[in-house]
Trainee: 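Sharing a structure, written as C-alpha cells. Questions coming.
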Amino acid sequence: MSDQNSLLNEVTGRDYRFGFVTDIETEVIPKGLNEEVIRLISAKKEEPEFMLEFRLKAFKKWQTMKMPEWAQLKIPEIDYQDIIYYAAPKQQPKYESLDEVDPELLSTFAKLGIPLEEQKMLAGVAVDAVMDSVSVKTTFKENLAELGIIFCSFSEAVKHHPDLVQKYLGMVVPPGDNFFAALNCAVFSDGSFVYIPKGVRCPMELSTYFRINAKNTGQFERTLIIADNDSYVSYLEGCTAPMRDENQLHAAVVEIVALDRAEVKYSTVQNWYPGNKEGVGGIYNFVTKRGLCKGESSRIYWNQVETGSAITWKYPSCILAGDNSVAEFNSVALTNNFQQADTGTKMIHLGKNTRSTIVSKGISAGHSSNAYRGLVRVAAKAENARNYSQCDSLLLGDHCGAHTFPYLEVGNQSSIVEHEATTSKIGEDQIFYCNQRGISTQDAIGMIVNGYAREVINKLPMEFAVEAQKLLQISLEGSVG
Amino acid sequence: MLIIKDLHAKVEGKEILRGINLTINAGEVHAIMGPNGSGKSTLANVLAGNTSFEVTKGEVTFNGRDLLAMPADVRAKEGLFLSFQYPVEIPGVSMINFLKTAVNESRKYHQLKELSAGDFLKLMREKKELVQIDSQLTNRSVNEGFSGGEKKKNEIFQMAMLEPKLAILDETDSGLDIDALRIVANGVNLLKRPENATIVVTHYQRLLDYIVPDVVHVLYKGQIVKTAGKDLVLELEEKGYDWIKKELGE
C-alpha cells in the first residue's frame with residue numbers, strides 16, 4: 001500500500017515545465033484601481049462613450065460588493081490596489097504579416113508548441129492570439145469576412161462594430177452579476193469577439209490562445225460570441241502561462257448568445273500555471289462564463305478540460321430561455337499538488353421543452369481539493385424541462401479531497417431532473433494489472449485517468465482531444481511539455 | 001528458466017508462503033495444485049510482483065536474473081505473464097489501446113521498433129483466430145462487462161499477443177463451462193514452444209485433462225509437500241487432498 005502511495009507521489013510530484021518569461025517591452029499604467037484608472041484605460045483604447053459608461057457603472061457596483069466566500073476554497077487575501085490593470089505589448093500598430101511581429105513573441109508561441117505559422121496552415125483553424133491584453137495577430141480573417149463572420153479582438157469590435165457590442169455586451173453577464181464579473185466589466189482590456197450571421201455555418205474552428213505575461217498584471221479577458229438565427233460555430237480556447245512567484249489574478253468573462261436555432265460549441269483546455277509542488281505561486285482563475293439560449297431550439301455546449309491554476313472558481317452556465325433549447329456541460333477538472341478547484345455549472349430552464357445535460361468528471365491527486373458545484377433550476381413556466389446530471393470523482397492517493405454540491409430547484413411538475421454521482425479511487429489492482437502487461441505505473445495512471453475522462457474528451461474537437469489527453473497524463477506528472 | 005529458493009511471503013502480516021523451492025526449465029509445463037488457502041494464488045502474485053504481498057525471505061532467479069529486484073512491469077517485459085484469476089475492469093480504456101501500449105512497451109524494452117497501427121491490427125487478427133476470441137470483445141473497454149468466461153479467454157488472448165517466456169495461469173479454469181475450458185486450454189497448448197514454460201495453478205484436475213503437465217506439485221500450508229509426474233493428478237482426483245494431509249500425519 002505504502003509503495004503505491006510513494007509511486008503515486010513520484011509520478012504526481014513533478015515540476016511544471018512551461019515556466020519561462022518572455023522579455024517583451026510592455027506598456028503599463030501604474031498599480032491600483034480608481035475611477036481615473038478606468039478613464040485612462042478607456043481613453044488609451046479610444047473607446048466610445050457607452051463603453052466608458054459601462055465600465056464606470058460596473059466599477060460603482062463592484063465597490064459595493066464583497067468577494068464571494070461560499071466556495072470550497074481557501075483564497076489568500078487579494079490586494080486589488082496592488083494590481084496593474086492595463087498592460088499592452090508596445091510595438092503598435094497592428095501587423096499585416098507575421099514578418100512584422102516581434103520575433104521574441106513568435107518564439108514564445110514556438111516554445112508553447114503553437115507557432116502561428118503552423119497554426120495558419122493547420123487545417124481549418126483560425127487563430128486570434130491574445131498575449132497579455134492586446135490582440136497581436138488575427139489570421140484567416142479574410143476567409144471569414146467573405147461569409148460575413150466577424151472574428152476579431154474585442155477592441156476592434158468596439159471600433160468597427162459598436163452597434164453589435166452595445167446591443168449584446170452585458171446581456172448575459174450584467175455588470176453587477178458577481179464580484180469578479182463586475183471587476184472585469186470595469187477594467188477588461190481586450191479579448192475576442194465573434195459574430196456569425198444568419199444561416200451561416202462557420203467552416204472552421206475558431207481558436208484563441210491566451211497567455212499571461214506582463215509581471216503583476218491581472219488579466220481581464222472579455223469574450224462575446226453571438227450566433228444569429230440558424231448559424232453554427234465551434235470556438236476553442238486554450239492556454240498556458242509562464243512560471244511566476246507571486247500569485248496572479250485572472251478574472252475573465254465569456255458571454256454567448258444563441259439566437260433562433262443557432263448552435264454554439266465552446267471548448268476549453270485550461271492549463272494556467274498551477275503553482276509549484278508546495279503550492280506556491282500559480283494563477284487565481286475566477287471566471288464567469290455564461291451562455292444564453294435566447295432563441296427557440298438554440299443549442300449551447302460547454303466542453304472543458306481543466307488542469308491548471310492554483311485556484312479555480314468557474315461555473316460555465318446556460319440560461320435556456322428559448323423553447324426547445326438544449327444545453328450541455330461536459331467537464332474534466334484535474335487537480336494535483338495543492339491546487340484547489342470549485343467548479344461546475346448552472347442550468348436555468350425558463351423555456352418549454354428545454355433539455356440540459358451535465359457530465360462532470362473530477363480527478364484529484366496530491367493534496368488538492370476538487371469540488372463540483374452545480375445548480376439546476378426549472379422555472380414555473382418551463383413545461384417538460386429535462387435535466388440529467390452525472391458527477392463522478394476519481395481520487396489518486398490518500399491526501400486529496402473531492403466534494404459534490406448539487407443544488408436542484410424545480411418549480412414545475414412536468415419536468416424531470418435526474419442526478420447521479422460516484423466517487424472512486426484508482427484501484428491498486430488496476431495498476432497492477434497494467435504493470436503485469438508491461439505498462440509502467442506512470443503510464444497506467446495516465447491510461448486509467450484518460451479512460452475515466454473519455455466520455456468528455458470525446459466531445460472535444462479532434463485536435464483538442466489529442467492535446468487534452470496528453471495534458472491529463474502530463475498534469476499528473478506535475479509537468480507540461 | 002525459473003529457480004525459486006526458500007521463498008517466504010506475507011500478506012497483511014500473515015505468512016502465506018513458508019519456504020517454496022521450485023525449478024522450472026524451458027519447455028516444461030508444471031501444475032501447482034492444492035486445497036483452498038494453501039498459497040497457490042499468493043505464489044502466482046508474488047512471482048508477478050504484486051506489491052500487496054511482501055517477500056520476507058528467499059530468492060528467485062528468472063533467466064539468470066534476480067526476479068524479486070524487478071518491478072512488476074519489468075518482470076512482464078522480461079517475459080513473465082500472469083493470467084489473472086479475477087481480471088479487473090478498466091472502464092474507458094479500449095482493449096486495442098491497452099494491448100497496443102503493452103506490446104509496444106515490451107518492444108521498446110527489447111530495443112525493437114514499435115508496431116505500426118496496421119501491423120498491430122494484423123497481429124491482433126491472427127491471434128484472435130488462434131485463441132478463438134469473439135472479435136467484438138477487443139472493441140470494448142478492458143474486461144468491462146465481460147462474462148467470467150470472456151474474461152478468461154481475454155487473458156489467453158493477451159498471452160498470445162505478448163508471447164511470454166513463462167506463463168502463469170492462476171485458476172484459469174474457475175468459472176468456465178466445458179466449451180470455454182476447451183478453447184482456453186487449446187489456446188494455451190497452441191502457444192506452447194520448446195523455449196517457453198507454463199505454470200498451471202489449479203484446484204481441480206479437469207483443466208489438466210487438456211493441458212497435460214510434465215510435473216505436478218502439491219502446495220499445502222505454504223510449502224510444496226509432494227512432487228511427481230502427471231499421474232499424481234489422477235491420484236489426487238481419486239483420493240482427494242485428505243490423502244496428502246494423512247500422509248503428512250495430520
Trainee: Tell me the closest heavy-atom pair linking A:Ile448 and B:Ile90, and the distance in Å.
Mentor: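 Closest approach of A:Ile448 to B:Ile90, heavy atoms only: CG1-CG2, 3.9 Å.
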Trainee: Find the one option among B:Ala48, B:Ser94, B:Ser106 whose heavy-atom pairs under 4.5 Å with chain A are most numerous.
Mentor: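 Looking at each option in turn, the highest pair count goes to B:Ala48.
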Trainee: Can you confirm whether more than 12 heavy atoms, excluding those of A:Arg386, are under 6.0 Å from its CZ atom?
Mentor: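 Open.
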Trainee: Just wondering, are more than 12 heavy atoms of other shown residues or ligands nearer than 6.0 Å to CD in B:Glu126?
Mentor: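 Yes, because the 6.0 Å sphere around CD of B:Glu126 holds more than 12 heavy atoms from other groups.
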Trainee: Got a second to check how far B:Asn97's CG is from A:Met447's CE, nearest 0.5 Å?
Mentor: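 The CG atom of B:Asn97 sits 4.5 Å away from the CE atom of A:Met447.
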Trainee: Quick one, A:Asn450 with B:Val93, criterion side-chain contact (heavy atoms from CB on, under 4.5 Å). Give me CA distance, side-chain angles, the key distance, then yes/no.
Mentor: CA-CA 8 Å; A:Asn450 267 306; B:Val93 177; over 6 Å; no
Trainee: Would you give the length of the straight line joining atom OH of A:Tyr433 to atom CD of B:Glu89, rounded to the nearest 0.5 angstrom?
Mentor: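 With rounding to 0.5 Å, OH (A:Tyr433) is 10.5 Å from CD (B:Glu89).
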Trainee: Would you find more than 12 non-hydrogen atoms of other residues, nucleotides or ligands less than 6.0 Å from A:Arg373 atom CZ?
Mentor: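 Result for CZ/A:Arg373: enclosed.
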Trainee: Using non-hydrogen atoms only, which part of B:Leu80 is less than 4.5 Å away from chain A: side chain, backbone, both, or neither?
Mentor: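 Both parts, backbone and side chain.
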Trainee: Could you tell me which portion of B:Pro164 (side chain, backbone, both or neither) has an atom closer than 4.5 angstrom to a non-hydrogen atom of chain A?
Mentor: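 No part of it gets close to chain A.
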Trainee: Under 4.5 Å from any heavy atom of chain A, what part of B:Asn104 do you find: side chain, backbone, both or neither?
Mentor: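 B:Asn104 has no heavy atom closer than 4.5 Å to chain A.
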Trainee: Measure the NZ-CD distance between B:Lys77 and A:Gln436 for me, rounded to the nearest 0.5 Å.
Mentor: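 The CD atom of A:Gln436 is 12.0 Å from NZ of B:Lys77, to the nearest 0.5 Å.
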Trainee: If you round to the nearest 0.5 Å, how far is CZ of A:Phe432 from CZ of B:Phe53?
Mentor: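 Output value for this atom pair is 8.0 Å.
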Trainee: If you round to the nearest 0.5 Å, how far is CZ of A:Arg437 from OG1 of B:Thr101?
Mentor: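 Spacing of OG1 (B:Thr101) from CZ (A:Arg437) equals 13.5 Å.
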Trainee: Give, as side chain, backbone, both or neither, the part of B:Phe98 having an atom under 4.5 angstrom from any heavy atom of chain A.
Mentor: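 Both parts, heavy atoms under 4.5 Å.
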Trainee: Distance only, no hydrogens: is a donor on one side chain within 3.5 Å (strictly under) of an acceptor on the other, for B:Tyr86 and A:Asp429?
Mentor: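 Per modelled atom types, B:Tyr86 and A:Asp429 side chains form no pair under 3.5 Å.
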Trainee: Does NZ in B:Lys151 sit with more than 12 non-hydrogen atoms of other residues, nucleotides or ligands closer than 6.0 Å?
Mentor: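 Count over threshold, so yes.
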Trainee: Where does B:Leu162 contact chain A at under 4.5 Å (heavy atoms): side chain, backbone, both or neither?
Mentor: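 Side chain only.
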Trainee: Sort B:Val142 into side chain, backbone, both or neither according to what part of it lies under 4.5 angstrom from a heavy atom of chain A.
Mentor: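 For B:Val142, the side chain is the part near chain A, not the backbone.
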Trainee: Which pair of heavy atoms, one from A:Gly438 and one from B:Ala76, lies closest together, and at what distance?
Mentor: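 It is N-CB, 3.3 Å.
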